[in-house]
Novice: 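Input: one structure, supplied below.
The figures that follow rest on heavy atoms only: side chains count, while hydrogens, waters and symmetry mates do not. First listed ligand is number 1; within each ligand, the first listed atom is number 1.
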Amino acid sequence: MIQLISFEGGDGSGKTTQLKLLDKYLASRGKSCLSTREPGGTTLGEMIRKMLLEAGKVEIASPTELFLYLADRAQHVHEVIRPALASGRLVLCDRFTDSTLAYQGYGRGVDLDMLRRLNQVASHGITPDVTFLLDCPVEVGLSRAKARKPPSLLASQPPSQDRFEREKADCHERWRRGFLELARAEPKRIYVLDASRAIQEVHEDIRRIVDKKLV
Ligand code: TYD
């Protein structure tokens with residue numbers, strides 16, 4: 001029985017597109033599911049998301065960043081995820097606890113065991129039953145992420161990028177390696193999918209896996 005499916009991956013890996021396709025597919029099979037995301041997913045979470053991604057020139061210290069993501073998660077689990085699971089709905093979540101391990105752990109060097117404990121607190125002990133890790137080379141993801149941003153109105157303005165997209169390529173490599181290491185440690189939960197393929201091909205893999213789990 002699966003109740004919570006998370007989608008993870010780097011920028012431009014297509015996880016949001018895949019989540020929406022799965023949502024649509026499950027709805028067509030009469031399965032009621034709730035799609036949500038982190039950071040965000042609640043009114044307070046959307047405020048936290050704005051703080052995190054649009055901080056502009058404000059430098060966010062690493063522990064501050066961590067606590068903001070955890071605060072977002074705690075509220076999200078309390079207000080959205082737990083009630084949905086309690087009512088028997090399948091929850092699809094765009095990023096969850098593994099993002100904290102990859103970005104704050106492998107990326108910023110925060111101790112992984114401590115992060116696991118903090119994740120437990122923030123998620124009220126809830127872990128995903130299945131996680132789809134959409135993996136692709138960093139350059140592929142970054143060029144996709146760039147292409148989907150609206151062009152600047154003024155040619156003199158730099159293209160709009162969030163705080164994470166501005167990070168250097170070696171950070172993206174660390175996050176990617178982190179996700180892959182997490183997947184190696186938990187192969188029964190985390191499915192690594194080659195996200196450089198066509199959207200439909202990736203979706204079919206996801207469908208096959210979910211179909212097997214839902215019977
Ligand atoms: P998101 O909007 O999902 O990014 P994308 O543009 O890839 O769809 O998430 C915003 C950023 O937040 C993303 O770069 C990863 C980061 N993040 C963390 O650093 N830690 C976390 O715990 C979470 C949930 C996200």
Side-chain angles (χ1 to χ4, degrees), residues 4-21 35-42 44-55 59-77 80-81 91-112 114-123 126-128 131-150 159-179 182 195-196 199 202:
L4 173 62
I5 301 178
S6 62
F7 288 75
E8 299 281 5
D11 289 325
S13 60
K15 61 189 167 41
T16 310
T17 305
Q18 293 299 336
L19 182 148
K20 286 185 186 152
L21 286 172
S35 290
T36 186
R37 69 167 180 180
E38 288 192 3
T42 61
L44 185 66
E46 288 301 331
M47 293 182 203
I48 296 175
R49 181 182 176 92
K50 249 189 146 109
M51 277 190 226
L52 280 161
L53 301 184
E54 297 167 25
E59 201 200 307
I60 304 182
S62 167
T64 315
E65 179 190 78
L66 168 63
F67 286 119
L68 285 172
Y69 281 113
L70 293 169
D72 168 70
R73 180 160 307 130
Q75 186 67 20
H76 189 213
V77 168
V80 176
I81 298 185
V91 176
L92 309 184
C93 192
D94 195 338
R95 296 198 185 281
F96 198 55
T97 41
D98 295 304
S99 274
T100 310
L101 299 173
Y103 287 84
Q104 281 65 54
Y106 289 94
R108 307 261 189 247
V110 182
D111 180 73
L112 287 170
M114 184 179 74
L115 287 180
R116 286 196 174 93
R117 288 199 298 276
L118 291 171
N119 264 341
Q120 279 272 325
V121 177
S123 70
I126 291 172
T127 51
T131 296
F132 292 115
L133 171 57
L134 295 154
D135 176 63
C136 64
V138 169
E139 324 78 74
V140 174
L142 288 180
S143 68
R144 280 183 187 164
K146 227 178 182 171
R148 75 178 173 216
K149 295 280 170 187
S160 62
Q161 281 183 311
D162 75 33
R163 215 163 53 81
F164 281 85
E165 286 163 359
R166 287 194 301 266
E167 300 262 9
K168 293 199 182 66
D170 64 316
C171 288
H172 291 268
E173 292 291 355
R174 274 209 303 280
W175 299 330
R176 182 182 184 204
R177 276 201 302 276
F179 274 128
L182 295 173
S196 46
I199 290 173
V202 179

Novice: Can you list the ligand 1 atoms lying under 4.0 Å from a non-hydrogen atom of R49?
Specialist: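 Every atom of ligand 1 under 4.0 Å from some heavy atom of R49: 1 (P), 2 (O).
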Novice: What do you reckon, does T16 have a nitrogen or oxygen under 3.5 Å from a nitrogen or oxygen of ligand 1?
Specialist: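 It does not: no N or O of T16 is found under 3.5 Å from an N or O of ligand 1.
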Novice: Would E38 count as a polar contact of ligand 1, with the cut-off being nitrogen or oxygen pairs under 3.5 Å?
Specialist: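 There is no such contact.
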Novice: Which atoms from ligand 1 have a heavy atom of Q104 less than 4.0 Å away?
Specialist: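 With Q104 as reference, the close atoms of ligand 1 come out as 18 (C), 19 (O), 20 (N), 21 (C), 22 (O).
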Novice: To check you understand the geometry: which heavy-atom pair defines the closest contact between L19 and C93, and what is its length?
Specialist: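 For L19 versus C93, the nearest heavy atoms are CD1-C, 3.7 Å.
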Novice: Do the rings of F179 and Y103 sit parallel, tilted or perpendicular, given the 30° and 60° boundaries?
Specialist: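 If you compare the ring of F179 with that of Y103, the planes turn out perpendicular.
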Novice: Should F96 and N119 be marked as a side chain to side chain contact (heavy atoms under 4.5 Å, CB included) after you check the CA-CA gap, both sets of side-chain angles, and the distance that decides it?
Specialist: CA-CA 9 Å; F96 198 55; N119 264 341; over 6 Å; no
Novice: Under 4.0 Å from ligand 1, counting heavy atoms only, is it the side chain of R148, its backbone, both or neither?
Specialist: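 Within the 4.0 Å criterion, R148 contacts ligand 1 through side-chain atoms alone.
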Novice: Minimum heavy-atom separation for S13 to C136, with atom names?
Specialist: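 So the minimum-distance heavy-atom pair works out to CA-SG, 4.2 Å.
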Novice: Could you tell me whether R37 approaches ligand 1 through its side chain, its backbone, both or neither, with non-hydrogen atoms closer than 4.0 Å?
Specialist: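 No part of R37 comes within reach of ligand 1.
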Novice: Going by the atom numbers of ligand 1, which of them fall below 4.0 Å from some non-hydrogen atom of T100?
Specialist: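 Near T100, meaning under 4.0 Å from one of its heavy atoms, ligand 1 has 21 (C), 22 (O).
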Novice: Heavy-atom contact check, 4.0 Å cutoff: does H76 meet ligand 1?
Specialist: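 No.
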Novice: Kindly compute the distance separating CD1 (I126) from CZ (R73), expressed to the nearest 0.5 Å.
Specialist: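 Output value for this atom pair is 11.5 Å.
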Novice: Hey, what do you get for CG (L133) to CZ (F7), rounding to the nearest 0.5 Å?
Specialist: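 One finds 11.5 Å between CG of L133 and CZ of F7.
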Novice: Enumerate the atoms of ligand 1 whose separation from the nearest heavy atom of R73 is less than 4.0 angstrom.
Specialist: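 What qualifies from ligand 1 is 22 (O), 24 (C).
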Novice: To the nearest 0.5 Å, how far apart are CG in D72 and CE in M47?
Specialist: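 Going from the CG atom of D72 to the CE atom of M47 covers 12.0 Å.
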